[in-house]
Amino acid sequence: MPVDLKQKDVMGGHRKDEVLDIDHSPSFFKRGWMNTPVDILPSMHCFACEPARLKVVDFPNPRQWSVMDEDWKLPKDWNKIVMDAFGDRLDRFRTLKLFMDICVRCGACADKCHFFIGSADPKNMPVMRAELIRSVYRRNYTIAGKVFGKLAGARDLTYDVLKEWWYYLYQCSECRRCSVFCPYGIDTADITIIGRELTNLLGLNIDWIAAPVAFCYRTGNHLGIQPHAYKGMLEFFQDELEDVTGVRVEPSYNRKGAEVLFITPSGDVFADPGTFTCMGYMALFHELGIDITWSTYASEGGNFGLFTSHEMMKRLNSKMYLEAKRLGVKWILGGECGHMWRVINQYMATMNYDLTEGTKLETPVSPITGTRFENSSGTKMVHICEFTADLIRHGKLKLDPSRNDNLKVTYHDSCNPARAMGLMEEPRYVINNVCNHFYEMPPTTIREQTFCCGGGSGLNAGEDVELRMRGGLPRANAVRYVHDKYGVNMLSCICAIDRAVFPDLMKYWVPECEVTGVHEMVANAMVLEGEKKRTVDYRGEPLPGMEDAEDV
Amino acid sequence: MHIIISLTVSFLAVFGLVVIAFVGVWGAHLEWLFGVVIPYLAAITFFVGIVYRVIQWGKSPVPFRIPSTCGQQKTLPWIKRSYVDKLDNPFTTGGVVCRMILEVLCFRSLFRNTRLEFGDGKEIKYKSAKWLWLGAMAFHYTFLVVILRHLRFFTEPMPFFVKIIENVDGFFQFFLPTVYQSGLLLGAAVTFLLLRRIIDGKLRYISLPADYFPLFMILGLVTTGVLTRYVFKADVVSIKELTMGLVAFHPVIPEGISVIFYIHLFLVSVFFAYFPFSKLTHMAGVFLSPTRNVSNNTRVVRHINPWNYPVKVHTYEAYEDEFREKMKDAGLPVDKE
């Protein structure tokens, strides 16, 4: 939902000039963190999950509860449930066990977190976020913690501590920026992923994650779009595309025997400006004439299971291979999405490779250029930016970059493709070939040092807008910099969550800048076979030099 | 934990240890306890503790490959990968080994460190900040040199490299006995690491007694070491007799070793015994960190999760059963008519 950012109350009662009046250095007289109980602020958290969501996926303890209530209606033995599960996770994840033990609190991560930069809440320093959990670990699993208690930085898991866990677990967007700077590679995201897994045993998810998970499980996608409606939406895009280009594209759905299965985040089917990127995909496939099908069953690239539990992630991810098997495709092409690609790169084969048995999946080969994508010979999934970069490299696309001449573009590396994969050059190669004005943001804010949009890992709700605007500040500030310096007016990205989060963020911090997916720019620059004289872009805005054209 | 309490507690703990050793040796003449029994116990605790720790970590599997990728991944052959990409986003084991070597020996990740300059929030900057890296390098390497130098007390004849280190370390040859720069640098580095914890508000907030205690311990080690060597000019021959006795498992307590040496030895013992139970285990743990010590090749090679178990999924059949009529009306193909 777009928010009216002029209203004072959306930012926790702060006027815009008050928002940045923050101090990152806790005063000498500030009480220690173990003696500072959690203060749950409105607009800095997401709403509690509805019980119905949990029932769909058989999650425990579904009930109506509210974050601002004193009583979270926990099951009686909540402490035992959490501590048992904590012990189990320590035995199953070396990351967790190691990261509980070896942090030296050197502070290198402290000012790397976008939520800390934007909010100055000291418990948003990555090290503190982990210490909240580590303190309970020390109390229960280390000699020093058992003997010396608070003196050893150890404390019991009380009701208040659980609430504090919850508040800060759901104020981490699991972007892993801190892990890049940590001398031991401690990955706060892995700690919060497991921490959230524990909260889910008590039914303490947020609705903005639990709802997409439940929808995705049942209808195939996060937004709960049913098959007929999914098709209806793409049909709407067909009409739009025809209006803009004069070319009628004909996508196919759930088609057996297709060579390629295409899976993209459903956000692109549903919300602007992702929809224009989705139209871009459709135009690209049509122009190339690839034997490709969309699926309504596996109609979600993203995976909010990653933000819920490892098991839920596996349950949702399995649909990709199951559908590939049912349709008998040779390989899978994946759309622009952030955490989707983290799951595909770091988890998919490990979790679900067994499901590829009996499929026709093979090492992906581009039907247009003949390129074998050896880098995805295991997962059988190719990123669309790799695919398009290869097309451009082989001169298979007829491009007119001047159609994007009204755009001064910068590129936001989405957290996961950057830090959980390393997809950095392909999007830049594509952008540089489809538009003439490309400007990088400062090096400390891109590539592996990129900043989160502020709404990653399922935090892109309406009710936590202050959290998002604060968390997105470092990114927005870098955009502001290139806007002031080069006149940048378009922020491009390859993530559907980015495309949902950035419009609000830009409206608040850099109103002169709009947001696009890379493939919207590709398609806009692409000269289609048999197209009419183009006057407008995919948004219906006049193309450069066509401002006075008649049918605008 | 407020900083005043943390500082007081950890300082008093170290001071208490000094008093214990002083009273124990000077007052109660427990040379055997402080010169032989405790050092042996400490050595055993250190080695058994570290091995136990590593085994404990090792017992937990690495279910997923989650390296932090800090460079371009290996993809299409014409997408350039610089040597930095190959190190920071390794595809091969060789790349991982190089990444780990740089991480362990050069603290590469710390070298990336930046410092936030927020100002009024209108123009946020991230300045290069190498001080922590420099302090950490100075601290760890001078500590290493000091430890290697101490091998002279535990070997006979001394290995050649100890002699070389001594010569280089005492290059300037001032004072008598010659002042080793490593000791001074170590003291300076530890002081820096301590001061930044006290002065920087963020660090003050996150620091625990468990952070100040090792720093005070090391300052104590340096101070007592300096006093032993330069001020009290301890009887090195007798000390070596004692240390060689320990190494040969023929412990002896020679006459004439000053109390300050026993205090130094006691602090060393406690430090080593404390090691496996504290954050100091990062020394061993850094080698095991799954965000650094695996390659990013999971799109090519399947990583096996030993506890990967089957999960309940929503099958296509169940999906079609729910939506069949709507699908048919929309002209979508169905498996069952």
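Quick note on labels: first sequence line is chain A, next is B, and so on, each numbered from 1.
Leu203(B) touches chain A through its side chain: at least one heavy atom from C-beta onward sits under 4.5 Å away, while N, CA, C and O do not. Of the atoms belonging to Leu316(A), not a single heavy atom falls under 4.5 Å from chain B. In this structure, the portions of Asn113(B) lying under 4.5 Å from any heavy atom of chain A include both its backbone and its side chain. There is no contact between Tyr230(A) and chain B, counting heavy-atom distances below 4.5 Å. The part of Arg197(B) that comes within reach of chain A is its side chain, from C-beta onward, which places non-hydrogen atoms under 4.5 angstrom from that chain. Contacts between Val104(A) and chain B at a heavy-atom distance below 4.5 Å involve backbone atoms as well as side-chain atoms. At a 4.5 Å heavy-atom cutoff, the contact between Ser377(A) and chain B is made by backbone and side-chain atoms alike. Residue Ala120(A): no heavy atom, backbone or side chain, is found under 4.5 Å from chain B. Both the backbone and the side chain of Leu98(A) come within contact range of chain B, judged by heavy atoms closer than 4.5 Å. Looking at Leu110(B), both its backbone and its side chain come within 4.5 Å of chain A, counting heavy atoms on both sides. Of the two parts of Val9(B), only the side chain, counted from C-beta on, holds a non-hydrogen atom closer than 4.5 Å to a non-hydrogen atom of chain A. For a residue to count as touching a neighbouring chain, one of its non-hydrogen atoms must lie under 4.5 Å from one of that chain's; by this rule Phe111(B) does not touch chain A.
No side-chain N or O of Glu448(A) forms a donor-acceptor pair with one of Thr69(B) less than 3.5 Å apart. Side chain to side chain, Glu103(B) and Tyr184(A) fail the donor-acceptor criterion of an N or O pair below 3.5 Å.
The pair Asp335(B)-Lys256(A) meets the salt-bridge criterion, since a charged nitrogen lies less than 4.0 angstrom from a carboxylate oxygen. Look at Glu322(B) and Arg218(A) and you find a salt bridge, because one of the NZ, NE, NH1 or NH2 atoms lies within 4.0 Å of a carboxylate O, short of that distance. A salt bridge between Lys312(B) and Asp58(A) is present, with a side-chain N of the basic residue lying under 4.0 Å from a carboxylate O of the acidic one. A salt bridge does not link Lys279(B) to Asp101(A): none of the charged nitrogens lies less than 4.0 Å from a carboxylate oxygen. Salt bridge Lys74(B)/Glu374(A): absent, no basic N to carboxylate O contact under 4.0 Å.
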Derivation and outcome, side chain to side chain contact (heavy atoms under 4.5 Å, CB included), residues Met381(A) and Arg299(B): CA-CA 8 Å; Met381(A) 272 191 90; Arg299(B) 287 172 77 193; 5.7 Å; no
Please evaluate residues Asp354(A) and Arg302(B) with respect to the criterion salt bridge (Lys or Arg N to Asp or Glu O under 4.0 Å), reporting the C-alpha separation (whole Å), side-chain torsions for both, the decisive distance (0.1 Å), and the verdict. CA-CA 10 Å; Asp354(A) 297 336; Arg302(B) 184 191 190 191; 3.1 Å; yes
Check the pair Val313(B) / Lys319(A) against side chain to side chain contact (heavy atoms under 4.5 Å, CB included), numbers first and verdict last.
-> CA-CA 8 Å; Val313(B) 300; Lys319(A) 290 186 189 191; over 6 Å; no
Can Gln346(A) and His303(B) be said to form a side chain to side chain contact (heavy atoms under 4.5 Å, CB included), step by step?
CA-CA 9 Å; Gln346(A) 300 198 321; His303(B) 174 81; over 6 Å; no
>> For Phe99(A) and Ser289(B): C-alpha separation, side-chain torsions, deciding distance, then whether side chain to side chain contact (heavy atoms under 4.5 Å, CB included) applies.
In response: CA-CA 8 Å; Phe99(A) 296 164; Ser289(B) 182; 3.8 Å; yes
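Aromatic rings of Phe93(A) and Trp307(B) (six-membered ring for Trp) have centroids within the 6.0 Å cut-off, being under it. Checked against the 6.0 Å centroid threshold, Phe64(B) and His310(A) count as a close aromatic pair.
In terms of heavy-atom pairs under 4.5 Å with chain A, the best-connected choice from Val334(B), Asn308(B), Val286(B) is Asn308(B). Across Ser128(B), Pro306(B), Ser10(B), Gly58(B), the residue that shares the most heavy-atom pairs under 4.5 angstrom with chain A is Gly58(B). Counting heavy-atom pairs closer than 4.5 Å to chain A, the top residue among Ile4(B), Leu76(B), Val301(B) is Leu76(B).
Closest non-hydrogen pair, Gln449(A) versus Thr114(B), comes out as OE1-CG2, 4.3 Å. The shortest heavy-atom contact between Asn375(A) and Val300(B) is O-CG2, 3.3 Å. Of all heavy-atom pairs between Asn296(B) and Asn345(A), the closest is OD1-ND2, 3.0 Å. What you find for Phe118(B) and Leu20(A) is that their closest heavy atoms are CE2-O, 3.7 Å. The two atoms that bring Ser109(B) and Cys182(A) nearest to each other are CB-O, 3.3 Å, heavy atoms only. Contact record, Thr95(A) with Ile66(B): CG2-CD1, 3.8 Å, taken as the closest heavy-atom pair.
Ring-plane geometry between Tyr297(A) and Tyr316(B) is classed as perpendicular, the angle between the planes exceeding 60 degrees on a 0 to 90 degree scale with a lower cut at 30.
Asn477(A) places a side-chain N or O within donor-acceptor distance of the main-chain N or O of Ile124(B), the cut-off being under 3.5 Å.
By the 6.0 Å and 45° rule, Arg112(B) does not stack over the aromatic ring of Phe181(A).
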